[in-house]
Amino acid sequence: MTAYQHLGGTNIAAAARVGAAFELLHTALIIHDDVIDLDFVRRGHDNVSGTYRSLAERAGQTAEAARHRGMSAGIIAGDLALTGAFRMLDTVDTDSATRQRLAAILDDAVFASAAGELIDVDFSFSPGAPPVPEILEMERLKTAVYSFEAPLQAGAVLAGANDDVVAALGDFGRDTGIAYQLVDDLLGVFGKESATGKSNLSDLREGKRTVLISHAAQKPCWAELSHLIGCPDLTPEEADRARELLIRCGARDYARALAEDHAARARTRLDCPAVPPSLRLVLERIVAGAVNRGR
């Protein structure tokens, strides 16, 4: 909506449907992500899987059967949201050529997100940690494409913007999305659950390979830290020790600095003369918000 309106678009109803399609994609991906991560809570409340697990438990099913019921509901709900995204896009009031371009953007976002999610899962089984560039590419595919790149480009395409603007917004979205995910990784370990609504233990217990872990794996602290990362029974006290090691080896500061660097890169992408000053101003606020969460 931001890109569309600031690039001269006037059919707000059409833009809202494109935005709703990406919201449905977002919904599908976070529901499936919770299934993959075996999470039953999101933003401090039962998610889809958690809700159906609770219903099964109250109906007297065993813990394992209730867990399976919850995960099954999550998969089904995510599937419905995913197909709903394409159905929503198909109802947008625009010409067929523009609709095809929008469908291609959404389709590419789905494929990129699936690739990023699979790479993320594979990384969790790695004995060490992949190098930082590989993790950043995974985070671009998993988060940046569908959250920032694709929606901004879709708004520009719907507004009839030229290819230079579409490309510039895609580049801005890529760097902003990576910065956003880097901060999200920090919050997943160091954030307060009461503020973020997400566990600050699950990433450590899962052994999620983030920039934090990649940096720490190159430091002497890894000898101790590696025994804590990926431990499914990690206690709060052990998690505190892991955080202490991540701070001591400089991993937290490194990830924060990398997020700031990508935010700065994102701002330079807006130097394209065809990007209106009003749009540039709003996007600069968006990238600032992406990196300042949790502060």
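Side chains are part of it too, since the values below use all heavy atoms of this structure and drop only hydrogens, waters and symmetry mates. Residues take their numbers from the sequence shown, with the count starting at 1. All of these numbers come straight from a predicted model, not from anything done at the bench.
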Taking only Lys NZ, Arg NE, NH1 and NH2, and the carboxylate oxygens of Asp or Glu, determine whether [X] and [Y] approach each other closer than 4.0 Å.
X    : Y    : answer
E238 : R241 : no
E284 : R280 : no
E57  : R69  : no
K142 : E139 : no

Any sub-3.5 Å donor-acceptor pair from [X]'s side-chain atoms to [Y]'s backbone N or O?
X    : Y    : result
Y254 : C249 : no
N162 : D164 : yes
R252 : G250 : no
D261 : A257 : no
S113 : A109 : yes
R293 : A290 : yes
T98  : T94  : no

- prompt: Rounded to the nearest 0.5 Å, how far does CG of L234 lie from CG of D240?
  reply: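 D240 CG to L234 CG: 9.0 Å, rounded to 0.5 Å.
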message: For Y146, give me all partners under ring-ring contact (aromatic ring centres under 6.0 Å, His included), at least two apart in sequence or on another chain.
response: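 Checked Y146 against ring-ring contact (aromatic ring centres under 6.0 Å, His included); matches are H26.
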- request: Sequence neighbours left out, what passes ring-ring contact (aromatic ring centres under 6.0 Å, His included) with F148? Give chain and number order.
  value: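 Y180.
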V48 vs D34, side-chain contact (heavy atoms from CB on, under 4.5 Å): CA-CA, chis, key distance, verdict: CA-CA 9 Å; V48 174; D34 284 347; over 6 Å; no
query: Does the side chain of L102 reach to within under 4.5 Å of the side chain of V18, using non-hydrogen atoms?
result: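 They are in contact (side-chain heavy atoms under 4.5 Å apart), so the answer is yes.
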query: Does the side chain of L7 reach to within under 4.5 Å of the side chain of L279, using non-hydrogen atoms?
result: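 Answer yes - side chains close enough.
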Tell me which donor-acceptor pairs under 3.5 Å the side chains of residues 72-80 have, and how far apart each pair is, sequence neighbours excluded?
residue : atom : partner : partner atom : Å
S72     : OG   : H68     : O            : 2.8
D79     : OD1  : H32     : NE2          : 3.4

Distance-only criterion, 3.5 Å: show the donor-acceptor pairs between side-chain atoms of residues 182-192 and protein atoms not counting sequence neighbours.
residue : atom : partner : partner atom : Å
D184    : OD2  : K198    : NZ           : 3.2
D185    : OD1  : Q181    : NE2          : 3.0

task: Using the side-chain hydrogen bond (donor to acceptor under 3.5 Å, both in side chains) rule, pick out the option among R265, R267, H262 that qualifies with D175.
output: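 That would be H262.
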message: Which residues pass the side-chain hydrogen bond (donor to acceptor under 3.5 Å, both in side chains) test with Q153, not counting sequence neighbours?
response: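 Q153 satisfies side-chain hydrogen bond (donor to acceptor under 3.5 Å, both in side chains) with no residue once adjacent residues are dropped.
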- prompt: Quick one: side chain to side chain contact (heavy atoms under 4.5 Å, CB included) partners of R174, sequence neighbours excluded?
  reply: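 For R174, the residues satisfying side chain to side chain contact (heavy atoms under 4.5 Å, CB included) (neighbours in sequence not counted) are R140, E149, D171, I178, R269.
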